[in-house]
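Notes for the one structure printed next.
This chain uses plain numbering: 1 for the first residue, then up along the sequence. In this text, all values refer to a predicted model and were calculated from it rather than measured experimentally.
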Amino acid sequence: QVQLVESGGGLVQPEGSLTLSCAASGFTFSTFAMGWFRQAPGKDREAVSIISGAGYTYYEDSVKGRFTISRDNAKNTLYLQMNSLKPEDTAVYYCVRHNPERDYDYWGQGTQVIVAS
């Protein structure tokens with residue numbers, strides 16, 4: 001069974017840093033593109049960053065230069081290093097699997113990130 005379990009969220013001050021992790025299981029992790037979405041209260045979910053199995057990356061414009069997505073295929077783990085955090089980064093962050101036939105077909109439970117002084 002496919003499982004995606006996020007961790008690492010919490011409360012951080014503006015300009016601070018956090019690293020999110022996603023432990024994946026139940027599928028051949030290295031063959032799938034993976035990503036991070038986020039959803040702020042009252043807003044739609046949006047793609048934050050995506051990484052292919054080979055390491056090709058995409059970043060939403062507002063996080064370019066501040067966030068870094070990476071993966072460790074040997075550990076079946078996805079990461080999001082978040083630096084220079086802003087209050088507008090406050091959201092629930094979700095780990096997602098991209099299926100080329102079914103779009104984003106599995107989602108983690110989410111981890112809360114709050115950026116506030």
What residues form a side chain to side chain donor-acceptor pair (under 3.5 Å) with Glu60, not counting sequence neighbours? Ser62
With sequence neighbours left out, what residues match Ser17 under side chain to side chain contact (heavy atoms under 4.5 Å, CB included)? Gln81, Asn83
Got a sec, which residues hit side chain to side chain donor-acceptor pair (under 3.5 Å) with Asp61, two or more places apart in sequence or on another chain? Lys64
Going by heavy atoms in the side chains, are Cys95 and Tyr106 under 4.5 Å from each other? no
Checking Ser52 now: which residues fulfil side chain to side chain donor-acceptor pair (under 3.5 Å) with it, not counting sequence neighbours? none
Is the closest side-chain heavy-atom distance between Trp36 and Ile69 below 4.5 Å? yes
If a pair satisfies disulfide bond (SG atoms under 2.5 Å apart) and one of its residues is in residues 42-75, list it, with sequence neighbours excluded. none
dist Asp89:CG -> Ile114:CD1 (nearest 0.5 Å) comes out at 13.0 Å
Testing the basics here: between Glu6 and Tyr93, what is the closest heavy-atom pair and its distance to 0.1 Å? OE2-O, 3.9 Å
Considering all heavy atoms of both residues, which atom of Thr90 and which atom of Val115 are nearest to each other, and what is their separation? OG1-N, 2.9 Å
So ring-ring contact (aromatic ring centres under 6.0 Å, His included) across residues 37-68, not counting sequence neighbours, yields Phe37-Tyr104, Phe37-Trp107
In chain order, what residues pass the salt bridge (Lys or Arg N to Asp or Glu O under 4.0 Å) check against Asp105, with sequence neighbours excluded? Arg97
Inter- and intrachain pairs under salt bridge (Lys or Arg N to Asp or Glu O under 4.0 Å), touching residues 12-24, at least two apart: none
Student check: side-chain heavy atoms of Val5 and Gln109 closer than 4.5 Å: yes
Those residues at least two apart in sequence (or on a different chain) that pass side chain to side chain donor-acceptor pair (under 3.5 Å) with Gln3 are none
Residues two or more places apart in sequence or in another chain: which of them pass side chain to side chain contact (heavy atoms under 4.5 Å, CB included) with Ser117? Pro14
Verify the cluster assignment for Met82 and Val92: are they in a single hydrophobic cluster under the rule of side-chain heavy atoms below 4.5 Å apart? no
Phe29: partners by side chain to side chain contact (heavy atoms under 4.5 Å, CB included), with sequence neighbours left out: Ala24, Phe27, Met34, Arg71, Asn73, Asn76, Leu78
Donor-acceptor list for residues 41-48 side chains, cut-off 3.5 Å, not counting sequence neighbours:
unit_1: Arg45; atom_1: NE; unit_2: Gln39; atom_2: OE1; d: 3.3
unit_1: Arg45; atom_1: NH2; unit_2: Tyr94; atom_2: OH; d: 3.4
unit_1: Glu46; atom_1: OE2; unit_2: Arg38; atom_2: NE; d: 2.8
unit_1: Glu46; atom_1: OE2; unit_2: Arg38; atom_2: NH2; d: 3.2

Please walk me through it: do Ser49 and Ile51 pass side-chain contact (heavy atoms from CB on, under 4.5 Å)? CA-CA 7 Å; Ser49 185; Ile51 185 168; 6.0 Å; no
Taking the side chain as every heavy atom from C-beta outward, state whether Leu18 and Val113 have any pair of such atoms under 4.5 Å apart. yes
Is Leu20 close to Thr111 at the side-chain level, that is, under 4.5 Å between some pair of heavy atoms? yes
